[in-house]
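First up is the structure itself, then whatever we jot down about it.
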Amino acid sequence: VVTGTLTGGKFRRGDAIVVQPAHIPGRIRAIQSHNREVEEIGPGARTALNLADVAIARDKGQRGVWRGDVITLPDFGDASGIIDAAVTRSSRLPMTTRALKHGAAVRVHHGSRNSAGRIFFQSGEELRARETSVAQLRFDTPVFMFAGDRFVVREASGQSTLAGGVVLDPEADVKNFRSPAQRDFLNQRTRSPENATVFVGTQLVRDVAVRRPTLLVKSRFSRAEISAAISELSERGIALDCGDRVLDAKWWAAFRGRAISEIEDE
């Protein structure tokens, strides 16, 4: 039996689940909330799940459920060792507070889990008090986060809190971190971290064509919010809704124009 707070979506008795980040498959045998057995449970509820086919890890590193693990449905992909995020140091810190250095070893607290890694900034070599910067967190072991998740950055020793942050890209890449396209992608998301339309629009510009079921699949936005964002972008001529796929309208117009030109040249 595992306990925690359901932060999004719904669980139903009998659902197949995955324990992340170890990607351990299992099934929900029963659900309880406040000592009462229920058939399904929704966001915000304290939840106890009786899991079938899942062991308890007695030591860290042993395969099984461990404190801080995430229980999720199988549709949301796997854990990642790298995330891109907007990181902010508190406005209440004195300006004389020691800067957070590029490449510093840190511990990142997310939910009830804390993970070791290093922080790298997209621009500059440090983050001072009262500043916000786009950063990349490279973890020692994979983590499972959604776009829009909040986290806390502490010293590697765990003694002091250094900054807070929000996940912008939960499946980031070292090679593309400073590319112009990724810079624009992350800067737009930094300015509007709660706006589903911005998140959908930036993913379309970057990926140009996305299967609708996988659009923002690892995000805190609901299916209804994503559908509303697609509709808004379509009405503004930014997106092209093709049912199962959603396209960046500007890219599609250019692609279609090139195709027509090549056909006419034959």
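A salt bridge links Glu171 with Lys218; the closest basic N to acidic carboxylate O contact falls under 4.0 Å. Asp244 has a carboxylate O that lies under 4.0 Å from a charged side-chain N of Arg211, or vice versa, which qualifies the two as a salt bridge. Salt bridge absent: Glu37 and Arg29 never bring a charged side-chain N and a carboxylate O closer than 4.0 Å. Between Arg236 and Glu232 there is a salt bridge, since a side-chain N of the basic residue sits under 4.0 Å from a carboxylate O of the acidic one.
Minimum heavy-atom separation, Ala45 to Ser33: CB-OG, 4.3 Å. Contact detail for Ser123 and Ser133: the closest heavy-atom pair is O-OG, 4.2 Å.
Asp78 is linked by a side-chain hydrogen bond (donor to acceptor under 3.5 Å, both in side chains) to His23, counting only residues two or more places apart in sequence or in another chain. Shown here are the side chain to side chain contact (heavy atoms under 4.5 Å, CB included) partners of Leu186, two or more places apart in sequence or in another chain: Asp84, Gln122, Val134, Leu168, Asp169, Phe177, Gln182. Residues that satisfy the side chain to side chain contact (heavy atoms under 4.5 Å, CB included) test with Asp248, not counting sequence neighbours, are Leu204, Val205, Lys250, Trp251. Listed by chain and residue number, nothing satisfies the ring pair (Phe, Tyr, Trp, His ring centres under 6.0 Å) test with His109 (two or more places apart in sequence, or in another chain). Applying the side chain to side chain contact (heavy atoms under 4.5 Å, CB included) test to Ala253 and every residue at least two apart in sequence or in another chain returns nothing. Residues that satisfy the side chain to side chain contact (heavy atoms under 4.5 Å, CB included) test with Asp140, not counting sequence neighbours, are Ala116. Contacts of Arg130 classified as side-chain hydrogen bond (donor to acceptor under 3.5 Å, both in side chains), with partners at least two apart in sequence or in another chain: none. Ser222 meets the side-chain hydrogen bond (donor to acceptor under 3.5 Å, both in side chains) test with Glu225; sequence neighbours excluded. Not counting sequence neighbours, the partners of Glu126 by the side-chain hydrogen bond (donor to acceptor under 3.5 Å, both in side chains) test are Lys101, Arg128.
The number of heavy atoms from other shown groups lying within 6.0 Å of CZ (Arg12) is above 12.
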Acceptor/donor pairs from residues 68-75 side chains to any protein atom, 3.5 angstrom cut, sequence neighbours excluded:
{"from": "Asp69", "atom 1": "OD1", "to": "Arg113", "atom 2": "NH1", "distance (Å)": "2.8"}
{"from": "Asp69", "atom 1": "OD2", "to": "Trp66", "atom 2": "N", "distance (Å)": "2.8"}

Got a list of side-chain donor-acceptor pairs under 3.5 Å for residues 1-10, not counting sequence neighbours?
{"from": "Thr5", "atom 1": "OG1", "to": "Arg46", "atom 2": "NH1", "distance (Å)": "2.9"}

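Within the model, atoms CD1 of Ile17 and CZ of Arg27 stand 10.0 Å from one another, a figure rounded to the nearest 0.5 Å. Rounded to the nearest 0.5 angstrom, Leu215 CG and Ser227 OG are separated by 9.0 Å. In this structure, Leu49 CG and Asp15 CG are separated by 9.5 Å, a value rounded to the nearest 0.5 Å. Atom-to-atom distance recorded for Phe151:CZ and His110:NE2 is 9.0 Å, nearest 0.5 angstrom.
Side-chain heavy atoms closer than 4.5 Å link hydrophobic residues (I, L, V, M, F, W, Y) into clusters, and following such links, even through other members, never connects Val18 to Ile41. Grouping the Ile, Leu, Val, Met, Phe, Trp and Tyr side chains by contacts below 4.5 angstrom, directly or via other members, places Leu240 apart from Leu233. When hydrophobic clusters are built by joining Ile, Leu, Val, Met, Phe, Trp and Tyr residues whose side-chain heavy atoms come closer than 4.5 Å, directly or via intermediates, Val167 is not grouped with Val217. Under the 4.5 Å side-chain heavy-atom criterion for Ile, Leu, Val, Met, Phe, Trp and Tyr, Leu100 and Phe139 are members of the same hydrophobic cluster. Hydrophobic clustering (ILVMFWY, side-chain heavy atoms < 4.5 Å, transitive): Phe144 and Ile83 are in distinct clusters.
Using bins of under 30°, 30° to 60° and over 60° for the plane-to-plane angle, the ring pair Phe221/Phe199 lands in the perpendicular bin.
Within the structure, no pair that satisfies the salt bridge (Lys or Arg N to Asp or Glu O under 4.0 Å) test touches residues 178-187, not counting sequence neighbours.
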key: Verdict with supporting geometry, Leu51 and Asp53, side-chain contact (heavy atoms from CB on, under 4.5 Å)   = CA-CA 7 Å; Leu51 301 179; Asp53 308 319; over 6 Å; no

query = What's the verdict on side-chain contact (heavy atoms from CB on, under 4.5 Å) for Gln136 and Val87, showing C-alpha distance, side-chain angles and the deciding distance?
reply = CA-CA 9 Å; Gln136 187 166 88; Val87 177; over 6 Å; no

Verdict with reasoning, Ile82 to Asp173, per side-chain contact (heavy atoms from CB on, under 4.5 Å) = CA-CA 7 Å; Ile82 305 171; Asp173 182 274; over 6 Å; no

query = Can you check side-chain contact (heavy atoms from CB on, under 4.5 Å) on Phe185 and Asn187, steps first, answer last?
reply = CA-CA 6 Å; Phe185 171 87; Asn187 287 334; over 6 Å; no

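Under the 6.0 Å cut-off for aromatic ring centres, Phe76 and Phe146 qualify, their centroids lying closer than that.
Here the side chains of Phe120 and Arg138 are in contact, with some heavy-atom distance below 4.5 Å.
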